[in-house]
Undergrad: 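What follows is a single structure, and I will ask about it in a moment.
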Amino acid sequence: IEQGVLTLTPSPQTIAGYLVNYMNNTDFLQKRAITLKEHIWYLFQYDCGQNWTDNRTGGQPYFSFRYFVEHGQLSRSWFAGMFTALNPSTEEQLTLQPEMFAVLSAPHSRPVNIILGLLKNLCTHPQFQAEEFLSQTSVLFASDVKAIHQNTLAVLHKLAKERKEHRDTICCAAAQGLMSREESTQSKIVKLIQTYGETASTTLKEILSIYTETMLANTKKELKAYLE
């Protein structure tokens, strides 16, 4: 088109079929801005003859994606979006838990919320790695994005219902969310602690005491028995 040879814009499928031949040529792929902005995603939308599960060359099909992510030219959020679009089975998600948990520390909220949405269903499975997820909650509640707090609490609520042996730890993890002064967030934390927390838990009492300054008046009132 640029050289005046073509007068019609090629279809997305045609572009995908052409682009797949240059998947490992990063210089070519970044020659034009539209390639990384739009055209590269056609490779997943149309049949271009690429076997994305072929790892015989050490993950070669994804070389360019890793390169552009590492150099800040592509957002890591593409992984989370593509992952959910592929509709992974429960067994596949269980196998990929370490990779899913790693996304929870991503700097952008979209991939984090996508993965939390998947974990909300996965957390009820006996093979769900509860301890590993709980170790991620400090990072999740440190976010300033309300949706991340809400989705994290949704996972914790379901997890507390299923895992009685982890309830004290879950309540302590949820208490970290009290650093947010958002009323709806604190309300959900209060509900979780009142449902699954023990007033005799010294660990929970210690954790709650850290956040007394950020607790709303009604939150302090509702959690009085856990603070004394």
Undergrad: Is the backbone of Lys191 close enough, under 3.5 Å, to the side chain of Thr195 for a donor and an acceptor to pair up by distance?
TA: yes

Undergrad: Kindly assign one of parallel, tilted or perpendicular to the pair Phe128 and Phe133, based on the angle between their ring planes and the thresholds 30° and 60°.
TA: tilted

Undergrad: Mind checking whether Leu94 and Leu116 sit in one hydrophobic cluster, side chains of I, L, V, M, F, W, Y counted as touching below 4.5 Å?
TA: yes

Undergrad: I'd like to know whether Ser184 forms a side chain to side chain donor-acceptor pair (under 3.5 Å) with Ser187, so could you lay out the CA-CA distance, the side-chain angles of the two residues, the decisive distance to 0.1 Å, and finally the verdict.
TA: CA-CA 5 Å; Ser184 61; Ser187 177; over 6 Å; no

Undergrad: Do Ile148 and Val139 share a hydrophobic cluster (ILVMFWY, side-chain heavy atoms under 4.5 Å, transitive)?
TA: no

Undergrad: Decide yes or no for Val145 and Val112: does some side-chain heavy atom of the first lie under 4.5 Å from some side-chain heavy atom of the second?
TA: no

Undergrad: Can you tell me how far the CE atom of Met215 sits from the CD1 atom of Ile189, to the nearest 0.5 Å?
TA: 9.0 Å

Undergrad: Looking at every heavy atom in both Glu92 and Ser89, which two are closest together, and how far apart are they?
TA: OE1-N, 2.7 Å

Undergrad: Roughly how far, to the nearest 0.5 Å, is CD1 of Ile210 from NZ of Lys205?
TA: 14.0 Å

Undergrad: Can you see whether Thr124 engages Glu162 through a side-chain donor-acceptor pair at a distance of less than 3.5 angstrom?
TA: no

Undergrad: To the nearest 0.5 angstrom, please state how far the CG atom of Leu227 sits from the CG atom of Leu223.
TA: 6.0 Å

Undergrad: Taking atom types as modelled, find out whether Thr185 and Gln150 have a side-chain donor-acceptor pair closer than 3.5 angstrom.
TA: yes

Undergrad: For a quick test of reading the model, state the closest non-hydrogen atom pair linking Leu159 to Cys123 and the distance between them.
TA: CD1-O, 3.6 Å

Undergrad: Show the numbers, then the answer: is there a side-chain contact (heavy atoms from CB on, under 4.5 Å) between Leu178 and Ile207?
TA: CA-CA 10 Å; Leu178 292 170; Ile207 293 293; over 6 Å; no

Undergrad: Do you know which two heavy atoms are closest between Glu99 and Thr95, and how far apart they sit?
TA: OE1-O, 4.2 Å

Undergrad: More than 12 heavy atoms of other residues, nucleotides or ligands under 6.0 Å from CD of Glu165: yes or no?
TA: yes

Undergrad: So do the side chains of Glu182 and His149 get within less than 4.5 Å of each other, counting heavy atoms only?
TA: no

Undergrad: Where do Lys161 and Arg167 come nearest, in terms of heavy atoms and distance?
TA: O-NH2, 3.5 Å

Undergrad: How far does CG of Leu140 sit from CG of Leu104, to the nearest 0.5 angstrom?
TA: 5.0 Å

Undergrad: Would you check if the side chain of Asn21 reaches a backbone N or O of Tyr18 as a donor-acceptor pair within less than 3.5 Å?
TA: yes

Undergrad: Sub-3.5 Å donor-acceptor pair from the side chain of His125 to the main-chain atoms of Gln127, do we have one?
TA: yes

Undergrad: For Ser209 and Thr212, test the side chains for any donor-to-acceptor distance below 3.5 angstrom and give the result as yes or no.
TA: no

Undergrad: What distance separates Lys120 NZ from Thr152 OG1, expressed to the nearest 0.5 Å?
TA: 10.5 Å

Undergrad: With a cut-off of 6.0 Å (strictly less than), are more than 12 heavy atoms of other residues, nucleotides or ligands near NZ of Lys158?
TA: yes

Undergrad: At their closest point, which heavy atom of Gln93 faces which heavy atom of Met100, and how far apart are they?
TA: O-SD, 3.6 Å

Undergrad: Mind checking whether Arg32 and Thr35 have side chains closer than 4.5 Å, heavy atoms only?
TA: yes

Undergrad: Where the side chain of Glu198 meets the backbone of Leu204, is there a donor-acceptor pair that is under 3.5 Å apart?
TA: no

Undergrad: Cluster question for you: counting only ILVMFWY and a side-chain heavy-atom cut-off of under 4.5 Å, with indirect links fine, are Val103 and Phe101 together?
TA: yes

Undergrad: Could you tell me whether a side-chain N or O of Tyr196 sits under 3.5 Å from a main-chain N or O of Asp168, the two making a donor and an acceptor?
TA: no

Undergrad: Do Glu206 side-chain atoms and Thr203 backbone N/O form a donor-acceptor pair below 3.5 Å?
TA: no

Undergrad: Taking CD in Glu183 as the centre, count heavy atoms belonging to other residues, nucleotides or ligands within less than 6.0 Å. Is the count above 12?
TA: no

Undergrad: Do Gln136 and Glu132 get their side chains close enough for a donor-acceptor pair, meaning under 3.5 Å?
TA: yes

Undergrad: So, Glu222 and Gln194: side-chain donor and acceptor under 3.5 Å apart, yes or no?
TA: yes

Undergrad: Does a side-chain heavy-atom distance below 4.5 Å link Val190 with Asn218?
TA: no

Undergrad: Working to the nearest 0.5 angstrom, can you tell me the gap between Arg163 CZ and Ile170 CD1?
TA: 8.0 Å

Undergrad: With no hydrogens and no angle check, do the side chains of Ser180 and Gln186 hold a donor and an acceptor under 3.5 Å apart?
TA: no

Undergrad: Hey, any chance Tyr226 and Met179 share a hydrophobic cluster, counting ILVMFWY side chains that come within less than 4.5 Å of each other, even indirectly?
TA: yes

Undergrad: Locate the shortest heavy-atom distance separating Cys171 from Leu192; write the atom from each residue and the value.
TA: SG-CD2, 3.7 Å

